[in-house]
Amino acid sequence: MSKILLKNAKVVNENSIFETDVLLNGDFIARIDPNISDAHAKVIDLDGDLLLPGVIDDQVHFREPGLTHKGNIATESRAAIAGGITTYMEQPNTNPQTTTIEKLEEKMAIAAKDSFANYSFLFGGTNDNLEELKRLDKNACSGVKLFLGSSTGNMLVDDEAVLEKIFSNTEMVISAHCEDEGTIRANMAKYEAMYGEDIPIGMHPIIRSAEACYLSSSKAIALAKRTGARLHVFHVSTGIETDLFTNAIPLEQKKITAEVCMHHLWFSDEDYAEKGTFIKWNPAVKTKTDRAKLWEALLDDRIDVVATDHAPHTLEEKNNPYTKAPSGGPLVQHALLAMLQKESEGVISLEKIVEKMSHNPAKLFDIDRRGFVREGYYADLVQVDRNSQNEVKRSNILYKCGWSPFEGVTFGSKVVRTFVNGLLAYDDGVFAGEKNAKRLTFNR
C-alpha cells in the first residue's frame, strides 16, 4: 500500500482541535506535523475538513450466521465505514449462538474474508458454558456478553449461582444487558390481559420499565463489586441508573463502566406515536426526562461510551403488531452524524464526541493502537465535511434491511472519506475494491 499524505486537516484528538498534515504509510500513521511533504505519497487535500479517529462501536448485531436475511457482516460493516465506524464488536446472539470457542473462531473467519471494518466478537455466557468460558484466552476477543434480561435470541442467564461463578472466573470485560426478567414478564401479562395482541407501542417503556432496568443493573453492579469483576453495563436507558456510576476516578481506574446508545440519546417516548415499532428497542426508549439525564451523565463522565446497538430487522418483521415485532434497529451508518448534529446544536463538543466514540472504547477494552490520532497507531481515520446537507432516505440507506429510524432527518454533516488501516476504504460514496480490515488485538 502506498503512502497517503492528508493535507490541511482539522484533527480532533485527545481534547484538542488543531490544523495539521497527517502522513499514512501502509497500515499506520507515520507522521503528524503542520508541514509535511513526501514526493512518494498520494496527496489528498482535506481543505480544513475535520479528521477524526475512526469510531469504535462496542455493540453491534450483524446477524451472521443464521439471521442473514436481516443483515450480514459484509453489508453491515460496509454501512459502518460509510458512517465513520472503522471498528466494531459484534454480539453473540446469532444462530448458532457464539457460546463456544469453535463458534467464535468461525465468526472470526467470516469477518476475515468479508468485513470492511476492523472486528472482534463478544463471547456469550450462558447458564451452562462456564467451563468453555474458563478456557477462553483473555486476548481472544473483546469480552464476554451476558443477557440478564431476555432479548432477541433468548440467551437469558437467570441462574444466580452461575452468574456469580462467571463474574468470579474471567479477567475479561463482562458486558451486560440489564433488565429484570420477572418485572418484564409481570408487566407483559398485565397488558396482554388488557389488550391481547394489540398492545399499543406506547406501552413498551412501561412493560420494559425503568424499574426493570434499575433492578437488574443495580444487582449486576453489586455482584461485580462483591466479586471484583470488570463490568460494563450496555445501553443504559434510564435517568435513575445513571446514579449507579461514578466520575470520581478516570476511566482507566474504573472497574464498573457504562454505555449509552444513540437511540436513547435521540428519541423519547413521545416519538412512538410517529415511529411505532421502528423505534422498538430493548431496553426501551423512555421519557424526555430520562433522555436529559442520560445526556447529563454522558457529559459529566458517569457514562463512558456511546455506541449503536445496531440490530437490523426486515421491514416485514418490524411491521408486525407490538407483541410480534422484534426489538432493534439499524444505526451504524448514521450514529456519528447524529452525534455531530447534537454538537451543531450546542449539546456536546467535538472533543467529547471523539472521547466517547473512539478514545474510551479503545481504553475500556484495551485495544491495541486504535482509537486515537497518534504516530505509530493504525490509520483508522474519518474525514467529515461540517457544511453538507445530508438527508436520510431509502435511496441512500446501505443497510441490508433497507430502512432507518432516521429517515426524513437531514444532518448538517457528511462522512467524506474513511480510512481503515491506511486504506482509503470509502471515498465520497465509492467503496474500495479491496479490504484491509483486521481482527482486533488487545493489550491485556
Q) Nearest 0.5 Å, what's the CE-OG1 distance between Met155 and Thr98? A) 7.0 Å
Q.
Other residues, nucleotides and ligands only: do more than 12 of their heavy atoms fall within 6.0 Å of NZ on Lys107?
A. yes
Q. Taking C-beta and beyond as the side chain, do Leu340 and Val384 meet within less than 4.5 Å on heavy atoms?
A. yes
**Q.** No-hydrogen, no-angle side-chain donor-acceptor test under 3.5 Å, Ser237 and Lys286
**A.** yes
Q) Any chance the side chains of Arg63 and Thr68 put a donor and an acceptor closer than 3.5 Å? A) no
**Q.** Asn127 to Val162 - nearest heavy-atom pair and separation
**A.** O-CG2, 3.4 Å
(Q) Aromatic contact between Phe234 and His177, with the criterion being ring centroids under 6.0 Å apart: yes or no? (A) no
(Q) For Thr183 and Glu211, which I'm curious about, is there any donor-acceptor pair between the side chains at under 3.5 Å? (A) no
Q.
So Leu364 and Asn360, do their side chains get closer than 4.5 Å, heavy atoms only?
A. no
Q: Could you tell me whether a side-chain N or O of Ser120 sits under 3.5 Å from a main-chain N or O of Ser142, the two making a donor and an acceptor?
A: yes
Q. Does NZ or CZ of Lys138 lie under 6.0 Å from the centre of the six-membered ring of Phe442, at an angle within 45° of the ring axis?
A. no
Q) For Thr257 and His232, does a side-chain donor sit closer than 3.5 Å to a side-chain acceptor? A) yes
Q.
Listing request: all ring-ring contact (aromatic ring centres under 6.0 Å, His included) pairs with a residue in residues 65-121, at least two apart in sequence or in separate chains.
A. Phe62-Tyr88
(Q) Let me confirm one number: the CD-CZ distance from Glu407 to Phe278, rounded to the nearest 0.5 Å. (A) 8.0 Å
Q.
Would you compute the distance between atom OH of Tyr191 and atom CD1 of Ile206 and round it to the nearest 0.5 angstrom?
A. 5.0 Å
Q. Got a donor-acceptor contact below 3.5 angstrom from the Glu259 side chain to the His235 backbone?
A. yes
Q.
Between Thr20 and Asp33 (side chain of the first, backbone of the second, donor and acceptor by atom type, cut-off under 3.5 Å), is there such a pair?
A. yes
Q.
Quick one: does any side-chain atom of Lys318 pair with a main-chain N or O of Ile279 as donor and acceptor, under 3.5 Å?
A. no
**Q.** Distance, nearest 0.5 Å, that separates CG of Asn13 from NE2 of His359
**A.** 4.5 Å
Q) Is there a side-chain contact between Ile353 and Leu336, using heavy atoms and a 4.5 Å cut-off? A) yes
Q) Is any side-chain heavy atom of Tyr426 closer than 4.5 Å to a side-chain heavy atom of Val382? A) no
Q | Check: Pro65 and Lys103 side chains under 4.5 Å, non-hydrogen atoms | A | no
Q: Give a yes or no on whether a salt bridge exists between Asp304 and Lys363, defined as a side-chain N under 4.0 angstrom from a carboxylate O.
A: no
(Q) Show, in sequence, the C-alpha distance, side-chain angles and deciding distance for Ile201 and His204, and conclude whether the side-chain contact (heavy atoms from CB on, under 4.5 Å) test is met. (A) CA-CA 6 Å; Ile201 182 64; His204 188 54; 4.3 Å; yes
Q: For Tyr378 and Phe28, run ring-ring contact (aromatic ring centres under 6.0 Å, His included): C-alpha distance rounded to whole Å, both residues' side-chain angles, the deciding distance at 0.1 Å, then the answer.
A: CA-CA 4 Å; Tyr378 288 101; Phe28 299 100; 4.7 Å; yes
**Q.** Crowding at NZ, Lys438 (>12 non-hydrogen neighbours, <6.0 Å)
**A.** yes
Q) So does Lys356 pair up with Asp301, basic N to acidic O under 4.0 Å? A) yes
Q: Verify whether one side chain among Asp309 and His263 offers a donor that lies under 3.5 Å from an acceptor in the other.
A: no
Q: For the pair Lys400 and Glu76, find out whether any cationic side-chain nitrogen is under 4.0 Å from an anionic carboxylate oxygen.
A: no
Q: Go through Phe431 and Ile81 one step at a time and tell me if the side-chain contact (heavy atoms from CB on, under 4.5 Å) criterion holds.
A: CA-CA 9 Å; Phe431 294 88; Ile81 64 168; 3.8 Å; yes
Q | Interatomic spacing from CD1 in Ile184 to CD in Glu179 - rounded to 0.5 Å | A | 4.0 Å
Q: Might you confirm whether atom NZ of Lys352 has over 12 heavy atoms from other residues, nucleotides or ligands at distances under 6.0 Å?
A: yes
Q.
Quick one about Asn118 and Asp380 (side-chain donor to acceptor, distance below 3.5 Å, no hydrogens or angles considered), yes or no?
A. yes
Q) Just by modelled atom types, is the Asp290 backbone N or O under 3.5 Å from a matching donor or acceptor in the Thr287 side chain? A) yes
Q | Beyond-backbone contact of Met172 with Phe123, side-chain heavy atoms, under 4.5 angstrom | A | no
Q. So does Glu296 pair up with Arg302, basic N to acidic O under 4.0 Å?
A. yes
Q | Main-chain N/O of Val285 paired to Tyr272 side chain as donor or acceptor, under 3.5 Å | A | yes
Q.
Could you check whether any side-chain heavy atom of Leu24 comes within less than 4.5 Å of a side-chain heavy atom of Ile29, counting everything from C-beta outward?
A. yes
Q.
Tell me if a side-chain donor or acceptor on Arg291 pairs with a main-chain N or O of Trp266 at a distance below 3.5 Å.
A. yes
Q. Only one of Ile367, Val60, Val173, Asp57 clears side-chain contact (heavy atoms from CB on, under 4.5 Å) with Met89; which?
A. Ile367
(Q) Give me the atom names and distance for the closest heavy-atom approach of Lys288 to Ser268. (A) CG-OG, 3.5 Å
Q) Any idea which heavy atoms bring Leu67 and Thr94 closest together, and the distance? A) CD1-CA, 4.2 Å
Q: May I ask you to check whether Arg78 and Asn72 show a side-chain donor-acceptor distance below 3.5 Å?
A: no
Q | Nearest heavy-atom neighbours spanning Ala307 and Gln59 | A | CB-N, 4.3 Å
**Q.** Smallest separation among heavy atoms of Ser209 and Asn187, with atom names
**A.** OG-ND2, 3.8 Å
(Q) Is there a side-chain contact (heavy atoms from CB on, under 4.5 Å) between Leu104 and Cys141? Walk through the geometry before answering. (A) CA-CA 8 Å; Leu104 174 68; Cys141 64; 4.1 Å; yes
(Q) Treating His313 as the side-chain partner and Lys70 as the backbone partner, does any N or O pair qualify as donor plus acceptor under 3.5 Å? (A) no
**Q.** Which atom of Leu231 lies closest to which atom of Ala176, heavy atoms considered
**A.** CD1-CB, 4.0 Å
**Q.** Glu355 backbone acceptor or donor facing Ser358 side chain under 3.5 Å
**A.** no
Q: Could you go through the side-chain contact (heavy atoms from CB on, under 4.5 Å) check for Ile101 and Asp137 one step at a time?
A: CA-CA 9 Å; Ile101 294 169; Asp137 185 276; over 6 Å; no
Q: Calculate, to the nearest 0.5 Å, the distance between atoms CG and SG belonging to Asp180 and Cys213 respectively.
A: 9.5 Å
(Q) Quick one, Asn129 with Arg135, criterion side-chain hydrogen bond (donor to acceptor under 3.5 Å, both in side chains). Give me CA distance, side-chain angles, the key distance, then yes/no. (A) CA-CA 10 Å; Asn129 73 339; Arg135 291 178 52 231; over 6 Å; no
Q) Is there a side-chain contact between Val233 and Phe245 (heavy atoms, below 4.5 Å)? A) yes
**Q.** cation_pi(Lys414, Phe411) dist<6.0 Å, angle<=45
**A.** no
**Q.** Salt bridge Glu90-Lys145, side-chain N to carboxylate O under 4.0 Å
**A.** no
Q) Is a side-chain donor or acceptor of Lys255 paired with a backbone partner of Gly228 at a separation under 3.5 angstrom? A) yes
